[in-house]
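See structure below.
When reading the values below, keep in mind they use all heavy atoms of this one structure, side chains included, and skip hydrogens, waters and symmetry mates. Residue numbers start at 1 and run along the sequence shown.
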Amino acid sequence: MKKFFSCLIITILLFALASPALASPEDPTPLIVLQGYSGPQLFLDYGEETEQRVWSPALEGTDLRSLADVLLYVLPKLIVDAGGNAERVVEKFGEIAPLLEKMEMREDGTSKYGLTPCPRGARNSRWDVMLANKQERLNTQRAITESLLDAVPADHVYIFANDWRRGQVEGTANLRGFIQEVKADSGHDKVNLFGVSYGGQLAAAYLALYGGEDIERVLLHAPAIQGSQLAVDIMENEDFAFDPVLLLDFAATYLEMELSLNQRFQGVTMEQISAIALRVLREHVKPIFLKFGSYWDIVPPEDYERLKAKYLDEEANAEIIRRSDIIHYEVMPRIGETLREWQAKGVKIALVCGAGSSLVGGNMVDSDRIIDTDSTTGASVAPLGGEKASAPSTPVCANPKHPHRSPGGAIDASGCYLPDQTWFFLGQYHGQGAWDPWACAVWNKWLYTDELPDVYADPEYPQFRVSCNPADGIDARFSGGVSGWLPPGDGTLLLKNLSSHDLSVLSVKAEGLRLEVPLVNRVVIRPGEAARLRCEAEVPARTQPFTLTVEFVRESLVPAAETRGFTFAAVPGELPEALRYPPLEDANPPPRFQPMRTLLAALSLAASLGVASAAVGVMYKGKLREKKRK
């Protein structure tokens with residue numbers, strides 16, 4: 001009997017060790033990356049001799065078969081050939097419009113052609129396999145994927161590819177099957193989700209429609225949860241125009257270039273291209289997009305019924321309407337409740353998003369250039385221009401120890417879907433967090449450690465922080481407060497170099513508050529280093545927002561003076577604990593009088609002068625003796 005039980009125990013232990021479903025702490029939960037709108041690439045006759053790549057937003061290997069290729073390469077060429085004549089350009093584009101035919105959908109929202117999104121299947125979608133097969137271009141979220149590899153190995157990362165045209169109802173059903181495949185391939189019983197933009201909406205919709213039993217953690221980066229005003233503006237707004245300066249800035253950040261393009265280009269040509277591009281979109285692309293279920297997913301709730309009545313036929317487009325109604329009436333209205341419900345059941349959920357910028361069409365809605373901040377987070381947000389957000393009538397978080405207002409008051413996060421797990425990066429463009437070390441740290445810590453349970457756990461990662469990618473150049477904060485807050489009596493301004501080049505600080509000025517930062521000479525800051533500057537501020541009796549502007553030169557191949565503005569709030573009383581910062585040790589300390597060091601330095605200098613004087617004296621006496629001999 002003993003022998004039997006011994007064998008049984010050994011068998012169970014061996015089975016447990018051999019079973020992939022029982023993961024060790026060194027075996028992290030697999031991660032599924034959900035790509036943004038239009039991210040997954042689409043192929044016709046995939047795997048056959050006649051295979052054709054119909055859609056690819058990637059720049060590598062372009063073959064003029066996708067809309068992205070047409071807009072990036074064909075449109076500028078047509079403008080040159082047509083001498084800038086808008087009518088001729090739009091007419092010529094109509095001649096090559098059949099290139100878009102393969103992307104068309106039927107009236108019921110199904111594809112006219114059997115397009116296949118790639119890669120297919122969990123094993124083929126695993127990042128290590130994709131790298132081995134040289135399929136990096138099939139992952140449009142490559143930068144984000146690579147930013148996660150310190151926390152999770154490549155053989156635990158899966159890239160979900162879906163026919164993004166079909167919409168979230170079908171997308172969530174496909175994701176459900178894909179999750180089961182990943183569980184089988186990895187041997188885990190749960191997965192983590194990282195949703196970017198439209199992929200963030202997909203993850204939220206999945207929780208609403210299928211629940212979170214298979215999910216351990218969810219990170220939503222710039223999620224299009226309630227759609228985007230941009231989807232309406234591009235299609236309908238008569239005053240809409242692509243802002244050339246914003247587009248150039250956006251392009252520089254997207255390409256991870258440390259160039260202030262808007263200071264180096266004149267906007268005339270870009271304005272011309274923007275106007276023609278808008279006409280091409282409305283005349284040739286709009287009819288195709290209106291039959292994409294995914295387009296209707298990103299129409300904001302307040303515009304949905306009006307646009308649906310205008311562009312969709314109740315009978316011919318009944319299936320598109322049915323699916324869109326599910327998103328707009330079953331998912332969107334209760335998305336905050338859904339996220340909080342699954343959070344209460346143990347699924348850890350967080351949001352990381354950009355904010356504080358206008359939409360690329362110039363609409364002064366607070367956004368990350370693409371998606372409205374209130375849509376992404378559920379926060380109360382004021383229009384850009386200095387206004388303060390109104391407090392929600394029923395805040396989700398009413399804890400007085402949790403300050404949820406941005407430094408300038410434009411955002412009140414107490415009514416967010418998840419107030420304590422939403423990070424805002426002010427000035428960060430849509431989906432560009434992978435270039436920002438602070439944003440990357442937030443999602444790595446959130447997904448694979450317990451170090452950052454909420455926005456108050458670490459002052460290095462407060463709820464509101466300015467964007468910190470290298471193109472931003474410089475970061476500024478006061479020593480005793482988190483980003484954006486000036487504590488009373490704080491006389492030290494901390495400037496950090498975010499760039500890969502040396503920065504020369506020329507001036508620091510404040511508007512809206514009496515603050516002196518005397519600079520006698522340029523302050524040079526090496527890459528990754530910080531400098532402390534003495535300052536004197538006259539803090540008013542009430543909390544007062546003000547703008548701090550830093551003028552600096554990036555010592556690159558083409559040095560140019562740049563400025564960056566920071567919104568701060570000066571606080572007359574004691575800062576709430578959640579907004580305090582412990583003393584910094586890593587910054588270059590300001591010069592100060594230290595008696596012992598000064599005495600030692602003086603003695604050392606005196607000794608050196610004495611030795612030097614003695615040496616000179618000996619030499620002088622030697623020369624006198626030599627003269628006497630002569």
Review point. Can you say whether the rings of Phe289 and Phe292 are parallel (under 30°), tilted (30 to 60°) or perpendicular (over 60°)?
Key: tilted
Review point. Which heavy-atom pair separates Ala379 from Cys416 by the least distance, and what is that distance?
Key: CB-SG, 3.6 Å
Practice item. Drop me the distance from Asp45's CG to Leu115's CG, to the nearest 0.5 angstrom. Key: 9.5 Å
Review point. In Å, rounded to the nearest 0.5 Å, how long is the span from OG of Ser197 to CG of Asp368?
Key: 7.5 Å
Review point. If only atom types and distance count, is the side chain of Ser147 paired as donor or acceptor with the main-chain N or O of Ile144 below 3.5 Å?
Key: yes
Review point. Taking all non-hydrogen atoms of both residues, which atom of Val455 and which atom of Pro419 are closest, and how far apart?
Key: CG2-O, 4.4 Å
Practice item. Answer yes or no: is there a donor N or O on one side and an acceptor on the other, between the side chain of Gln463 and the main chain of Asp420, under 3.5 Å? Key: no
Practice item. Answer yes or no: is there a donor N or O on one side and an acceptor on the other, between the side chain of Thr373 and the main chain of Asp366, under 3.5 Å? Key: yes
Practice item. Using distance alone, with no hydrogens and no angle criterion, decide if His156 and Asp128 have a side-chain donor and acceptor under 3.5 Å apart. Key: no
Check your understanding: Is there side-chain contact between Thr145 and Val157, with at least one heavy-atom pair below 4.5 Å?
Key -> yes
Check your understanding: Does the separation of the ring centres of Trp164 and Tyr198 fall below 6.0 angstrom?
Key -> no
Check your understanding: Between Glu319 and Arg322, is there a salt bridge with N-O shorter than 4.0 Å?
Key -> yes
Exercise for review: Look at the side chain of Arg166 and the backbone N and O of Thr110, then say whether any donor-acceptor pair between them is shorter than 3.5 Å.
Suggested key: no
Practice item. Would you check if Leu290 and Trp296 make a side-chain contact, meaning some heavy-atom pair closer than 4.5 Å? Key: yes
Check your understanding: Are any of the side-chain nitrogens in Asp214 or Arg176 under 4.0 Å away from the carboxylate oxygens of its partner?
Key -> no
Practice item. Indicate yes or no: at least one non-hydrogen side-chain atom of Thr338 is less than 4.5 angstrom from one of Trp342. Key: yes
Point to revise | Distance (rounded to the nearest 0.5 Å) between Thr376 OG1 and His221 NE2 | key: 10.5 Å
Exercise for review: Verify side-chain contact (heavy atoms from CB on, under 4.5 Å) between Tyr158 and Val191, making sure each step is shown before the conclusion.
Suggested key: CA-CA 10 Å; Tyr158 298 80; Val191 301; over 6 Å; no
Practice item. Could you check if a side-chain atom of Met235 sits within less than 4.5 angstrom of a side-chain atom of Tyr295, using non-hydrogen atoms only? Key: yes
Exercise for review: Mind listing the closest non-hydrogen atom pair of Ile225 and Gln201 along with its distance?
Suggested key: O-NE2, 3.6 Å
Study note, to complete from the structure: Residues Gln421 and Ile349: closest non-hydrogen pair is CB-O, 3.4 Å
Practice item. Could you tell me whether Asp450 and Arg217 have a side-chain N and a carboxylate O separated by less than 4.0 Å? Key: yes
Check your understanding: In terms of side-chain heavy atoms, does Arg369 have a donor or acceptor partner in Ser358 at a distance below 3.5 Å?
Key -> yes
Exercise for review: Look at the side chain of Gln428 and the backbone N and O of Cys468, then say whether any donor-acceptor pair between them is shorter than 3.5 Å.
Suggested key: no
Exercise for review: Carefully, step by step, assess Glu305 and Lys308 under the rule salt bridge (charged side-chain N to carboxylate O under 4.0 Å, His left out).
Suggested key: CA-CA 5 Å; Glu305 282 298 331; Lys308 185 171 73 170; 3.1 Å; yes
Practice item. Evaluate the side-chain proximity of Glu236 to Tyr311: yes if any heavy-atom separation is below 4.5 Å, no if none is. Key: yes
Exercise for review: List the steps and the verdict of side-chain contact (heavy atoms from CB on, under 4.5 Å) for Trp438 and Val442.
Suggested key: CA-CA 6 Å; Trp438 270 265; Val442 168; 5.7 Å; no
Practice item. Answer yes when Arg120 and Glu181 have at least one side-chain N-carboxylate O distance shorter than 4.0 Å, and no when they do not. Key: no
Review point. Can you list the steps and then say if Ile327 with Met332 is a side-chain contact (heavy atoms from CB on, under 4.5 Å)?
Key: CA-CA 6 Å; Ile327 297 300; Met332 286 183 175; 4.0 Å; yes
Review point. So, do Trp423 and Arg465 sit near enough that their side-chain heavy atoms are less than 4.5 Å apart?
Key: no
Point to revise | Euclidean distance, Trp127 CH2 relative to Gln135 CD, rounded to 0.5 Å | key: 9.5 Å
Check your understanding: To the nearest 0.5 Å, what is the distance between CZ (Phe464) and CG (Leu426)?
Key -> 7.0 Å
Review point. Below 4.5 Å, heavy atoms only, C-beta onward: do Gln229 and Asn237 meet side chain to side chain?
Key: no
Study note, to complete from the structure: When rounded to the nearest 0.5 Å, the distance separating CG of Leu230 from OG of Ser367 is 8.5 Å
Exercise for review: Check Tyr456 against Pro403 and note the closest heavy-atom contact, atom names and distance.
Suggested key: OH-O, 3.3 Å
Practice item. State whether the side chain of Asn444 and the backbone N or O of Ala441 hold a donor-acceptor pair below 3.5 Å, judged by distance alone. Key: no
Review point. Would one find more than 12 heavy atoms of other residues, nucleotides or ligands at under 6.0 Å from atom NZ of Lys134?
Key: no
**Study point:** Parallel, tilted or perpendicular: ring planes of Tyr329 versus Tyr304, cut at 30 and 60 degrees
**Key:** perpendicular
Exercise for review: Determine whether Tyr417 and Leu220 make a side-chain contact, defined as any pair of heavy atoms from C-beta on separated by less than 4.5 Å.
Suggested key: no
Check your understanding: Do Arg306 and Asp303 sit within salt-bridge range, that is, some charged N less than 4.0 Å from a carboxylate O?
Key -> yes
Check your understanding: Does any N or O in the side chain of Gln141 come within less than 3.5 Å of the main-chain N or O of Val196, such that one atom is a donor and the other an acceptor?
Key -> no
Review point. Is Glu107 salt-bridged to Lys291, cutoff N-O under 4.0 Å?
Key: yes
**Study point:** Gln226 (side chain) donor-acceptor with Pro301 (main chain) under 3.5 angstrom
**Key:** no
Study note, to complete from the structure: Of all heavy-atom pairs linking Pro40 and Asn162, the shortest is CB-O, 3.2 Å
Practice item. Start with the C-alpha distance between Leu207 and Leu339, add both sets of side-chain angles, then the distance that settles side-chain contact (heavy atoms from CB on, under 4.5 Å), and finish with yes or no. Key: CA-CA 7 Å; Leu207 289 172; Leu339 296 179; 3.8 Å; yes
Practice item. Kindly say whether Ser111 contributes a backbone atom to a donor-acceptor pair with the side chain of Arg106 at under 3.5 angstrom? Key: yes
Practice item. Could you check Asn192 against Thr29 for side-chain hydrogen bond (donor to acceptor under 3.5 Å, both in side chains), going step by step and ending with a plain yes or no? Key: CA-CA 7 Å; Asn192 291 339; Thr29 304; 4.5 Å; no
Review point. Quick check: does any side chain N or O of Arg323 sit under 3.5 Å from a backbone N or O of Asp297, one acting as donor and the other as acceptor?
Key: no
Check your understanding: If you measure only the distance, is there a donor-acceptor pair under 3.5 Å linking the side chains of Tyr429 and Ser357?
Key -> no
